Structures are given as structure tokens and as C-alpha cells.
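Presented below is the structure to which this report refers.
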2 protein chains.
Amino acid sequence: MSDIIVSSRVRLARNYEDLPFRGKISAAQCEECVNRTLSALRDLPEAYTYLPMEGMEENEKQALVESHLVSPDLLKEEMGAAVLVRGDERIALMMNEEDHLRIQAFAPGDDLKEAVQGAFSIEDTLQKKLSFAFDPQLGYLTACPTNTGTGMRASMMLHLPMLTLFKQMGKVGQLAAKVGLTIRGIYGEGSEAQGNLYQLSNQVTLGRTEEELAQAVTATALQMAEMERVFRKRAWEKDRVAFEDQLFRSYGLLTNARRMNVKEFMVHWSNLRLGAAMEKLPVSYESTLSLLTAAQPAHVLKAAGAALSEKEQDAYRCEIIRSALQGGN
Amino acid sequence: MSDIIVSSRVRLARNYEDLPFRGKISAAQCEECVNRTLSALRDLPEAYTYLPMEGMEENEKQALVESHLVSPDLLKEEMGAAVLVRGDERIALMMNEEDHLRIQAFAPGDDLKEAVQGAFSIEDTLQKKLSFAFDPQLGYLTACPTNTGTGMRASMMLHLPMLTLFKQMGKVGQLAAKVGLTIRGIYGEGSEAQGNLYQLSNQVTLGRTEEELAQAVTATALQMAEMERVFRKRAWEKDRVAFEDQLFRSYGLLTNARRMNVKEFMVHWSNLRLGAAMEKLPVSYESTLSLLTAAQPAHVLKAAGAALSEKEQDAYRCEIIRSALQGGN
């Protein structure tokens, strides 16, 4: 189902039992939070990079948001906000966001299990040396009560162009809500569904086990993917040429345009992904994921390594796109 | 100047002195007109094809119009309307249109001289055996007095995208009118300037020699081409990337779309020709001329060799375009 389920993600909200919650924490305690976390994870076999938000260039921060390694909320925090990122960017541990720790794990495609394992493996390592705020009745305690319990949010990012086109997303949202799940745009709460990308995640964290939550997200995502597949087939059978025309026009523009803003890019990216998933375009759908990130504004600026006007950004974006699609891969 | 001057054309209106003009001619006399013409040209070294309009399929007729081998007016005539076409389609002699004969000669690019020579060489051959209606005072007599005199219309087809974009065509038209020339759309009188293509031709046929008429058209066309060149340079210098973006987007769509109507094709063709002329696209500008004709509606149907719905035509047009542009030539 990885042609439709673009990526999977888990985040665990955790707080140290001996430190005050975010609302009452001091700068020194924020520092302590970082220090003990880094110290506890020092012996992990993989390479990690510690990135404090303080002093970081605005564009670097935005690039982290675009990569989903930090939340937009982390950028609003002033004391001790930081992230620890594993070399392969599959693990990112935010510190001093809303909670002391937000352990995040990612996996490409529909491998939510791998993400779950990744997040809990970090939690295990930390718990061997440190203690989290935990109530036997309620579970893990968090700054905001909506996260209390498992503290877990499991999510899958789905690419649903045909459910969007055929105006099925309202219905799909209701279906998700019935089983305690919610659908949001690509960059989380309040963000638009650019590129026909949607995040499906659990709404509640209390009263269900981690396995149940992950299971609910997975089952519903598979169901939505199956619906999307039906609508793709229907559109294809209704007018194959119109369908191909839409895919190839976007491919033609992505491989030829010399100036493109991110909003237009997202429209064509959606068709690129769709065409790749349907094996109509000379691109693998796996490769579209890195292009999605590489063409976002902060990544474009970062790659250029220089201050660019908006027009220059739109031109450099095209160079990145064409280079990524060269040779049809 | 052939990057901007797409093609050159000459037509001579001639009438046999012993046959009544079109308004009073009989069916038998129309037949006689055809027979004596074919007979007089029998010994020409090149291969010619005689195509009577009667009984010809509508689409075949339209294809002849698209190739500029016959005028739309010829299709309206009922008696004896026919065309004699040289194998290379550089000579096309219409019979029983408004005049008994319309000798047409074509040359690619700005070689109006070749077209003039081609037309007069046919006239010479005919005059050795036959006599045209001629008045020592007025010159050649024609059905419509506006053609009397030389009976010649010399024209050049120009590709003027930047003069169009920068709204200079009104001014250019006035400039042409001052020297007795007129500017029309690609398919002659009353037709739109599709693809930013314009026909510059002499308005009057009387009181000036054939050489003077051809000279006036050539000089003015060169002047217009020079103006177009200035505006191209200006647009390029103002925003090179926007210019390239426009060219490459059209190229990307032409080489990728799977359904395109002729109106959209003409927009992108104009950018293709412009990009080829400016050596920005991997296409020679010479090659764009045959694509222009091949993608017109009747040619698409003819190439398909079958009745097609409008959608099917738009799809087949894309196959023709992609095949023509394959390998960037």
C-alpha cells in the first residue's frame, strides 16, 4: 500500500517526573532536561546530531519543519528548545517543546510498525536511566491533558488525489472520526492538504493501548487507500487519455519549467506521485518523497546556500526538480 | 531572416482571353479551362497531381486549405474547381476559382524570389501555347478589379510573438498600409492570427511592376522581422528566466500532453518556433513548419485515416506532435 501511504510516523510525549511541566519550568531546568537526555542516549550505536534552536538561522529551522523533524510549535519556544536527529533522519527527539520530550520516529511507506519500534526503542533506552511522569491510573502525564495516557500519536501520510477530486474527503473524515481518528493537512493541525496529502492520526491517547492505536490507524489507512484505489481505477476506466494527459502534462512541466512556485509544484507533484504509483511515468514512487521535501521553500534556500529573491527561489526550485527527475528517476 | 519569416508565397491571377469570366462561364467552358491548362503543362519535367474538387472528401479538401494549396473560396465553387499540385507542393495551380487560373508558388523562409520565379515559370509555359486576357493599358484582366494589373499577390508569413505580446501589431499594420501592404491572419482574409503568425502581402496590384511589389513586401517584412528581433532581445534581457520558462513549458507540454486541441497547440507551437529560432529549444526552426501543418484538424484526421471524435482527434494530434519532436528534431 506504499504507493498510496507515503509515510508513517509515531510520536511519544514524555516528561521527566522530577521537572516541572512546561508552563512552570525554569531556564536551568530546560537545560537539565537537554543534558540528561543527551547523556542517557550517549551510547546509542547510530550517529545523532544535536541541534539547539537558539542561534539557528530561521531558514535552517524552517527546513527542519519541512522535513517533519521538528514541529512549528518548537520554533515558538524560547527556552532550551532543541532536537536530536539520527543520521538517517528516521528518529528525531524534540526537547522542551510542549512536553519535555517528544520522541518521533518515521518510516517510509506504510511501515508504521517500524516507526513504533523506533520510538519505543529510544524510550526504552531513556527509561533505563531516567524516570518519566507516570500515573498508574492515567498513564503517562503530559502538559496538555489531550496527550495523557499513551502520549502517543501514530500517523500515516496518505496521497489521495482521486478521493479529493471526487469530493470524498468529507465522507472519509467522518469515517475516520467514528474510530477516534482525525485527518489533517501535510504539516499537521490547521495546515492545508497541499499535494492531496493527508495525515491520518489518532485523536485520543487515553483508554487504548499503543498497539490498539497503531492498529486503528493502520486499518483505517488501508481502508482509505483501498477507496483511493477504487476511484483511481474508475477515473482510468472512464477516460484513460484524460487521465494520462493530466499525469504527463505535470511531468512535462516539472521536467521543463524554469520558474515554479511551491503551490504550483504541489499540484504537479501530486500528479507525479500518482503517475509513478500507477506506473505511467518514468519515476519510482519512492523517489517522489525526497523531491517533495527538496522542493519546499526552506530546502530550496538551503540548497542554494545564498539569499534568493522569490523569483530566484522559484527558478532554483526548477533546477532541483529537473535534477531529481533527470533520467526519469 | 528565415527564423522570423516562416514562408513566402506568390499567386498570379490569370484568365483565358477567349473564355468568359467566372460570373458568366458555363460548365463546358470550365471543363475547357481545365483541359487546355493540363494539356499545356503536360510536358513539365516535374510530377504534378491533378485534384478536382468534385467528389473529393470534405476532409481532403480542408487538408488542401491547411496546406495553403487551395483557398477556402475554391471549395465554395461548384463548376470545374480543381488544383494541380507539384510533387513537392511548391507549386499549386487553382483552376476555376474566382479567376480561371490562380498560379501559386511557395518557398520556405524569406525566399520570395524563388516563389516569384516558380510562379512566372509556370505562366511562361502556359503563355507559349495560350493567351491570357490582357489590356495594354490595364495589364492582366481579372474577375475582380482589385486584382487587375499584375494580378500578383506576393506575401510572406511572419512569426511575430513579441510584437504581438507588446501590442505593436496595430502600429505595424499602419506601417504596412503606408506602403500599400496589408497584414492578415495565417489563413488569409478575415482569419485570426493564430500562433502569432501574420501574412504580409500587397494590397494593390495595379500601377506597380511585379518586381516593385515583391520588393515592397520583402523590404517591409525585413523591417518587421528586425522590429520583432528587437522586442525579443528586450524581453530576453528584461527577464531571461521568465522567457525560458515560457518556451520550455510549451516544449514540455508539446512533448508530453496526451490530448490537445488545435487552439492550444497554436499557442505552444508559437513558443516552440520562438524557442527554436532563438536556439533555446532542441528543435530546428525549419522543422516547425511541417509540424504546424501536420497538427491542423484535417491533417490529423487524414493521418489517422479514420473518422475520429473530437477527443480522439485531440489525442491523435498529440501522437503526431510527439512523434515530430522525438529526439528533439
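Naming convention: chains lettered A, B, ... in sequence-line order (proteins, then strands); numbering from 1 in each chain. For clarity, every value in this text was computed on a predicted model and none was experimentally measured.
- Every residue was checked against the ring-ring contact (aromatic ring centres under 6.0 Å, His included) condition with A:His268, not counting sequence neighbours, and none meets it.
- Taken to the nearest 0.5 Å, the CE atom of A:Met266 stands 8.5 Å off from the CG atom of A:Asn196.
- Contact annotation for residues 300-312 of chain A against chain B (heavy-atom separation below 4.5 Å, listed by residue number): A:Lys311.
- Residue pairs satisfying the salt bridge (Lys or Arg N to Asp or Glu O under 4.0 Å) criterion with at least one member in residues 272-296 of chain B, sequence neighbours excluded, are absent.
- With respect to the salt-bridge test (charged N to carboxylate O, under 4.0 angstrom), the residues B:Arg234 and B:Asp239 do not qualify.
- Among B:Arg232, B:Arg229, B:His159, the single residue meeting the side-chain hydrogen bond (donor to acceptor under 3.5 Å, both in side chains) criterion with B:Asp3 is B:Arg229.
- Neither the backbone nor the side chain of A:Asp314 has a heavy atom closer than 4.5 Å to any heavy atom of chain B.
- Relative ring orientation between B:Trp236 and B:Phe243 is described as perpendicular, the plane-to-plane angle rising above 60° on a 0-90° scale split at 30° and 60°.
- Of the residues considered (A:Asn256, A:Thr255, A:Leu254, A:Val241), A:Asn256 shows the highest number of contacts with chain B, using heavy-atom pairs under 4.5 Å.
- Residues in residues 241-250 of chain A take part in these salt bridge (Lys or Arg N to Asp or Glu O under 4.0 Å) pairs, two or more places apart or across chains: A:Arg240-A:Glu244, A:Asp245-A:Arg249, A:Arg249-B:Glu264.
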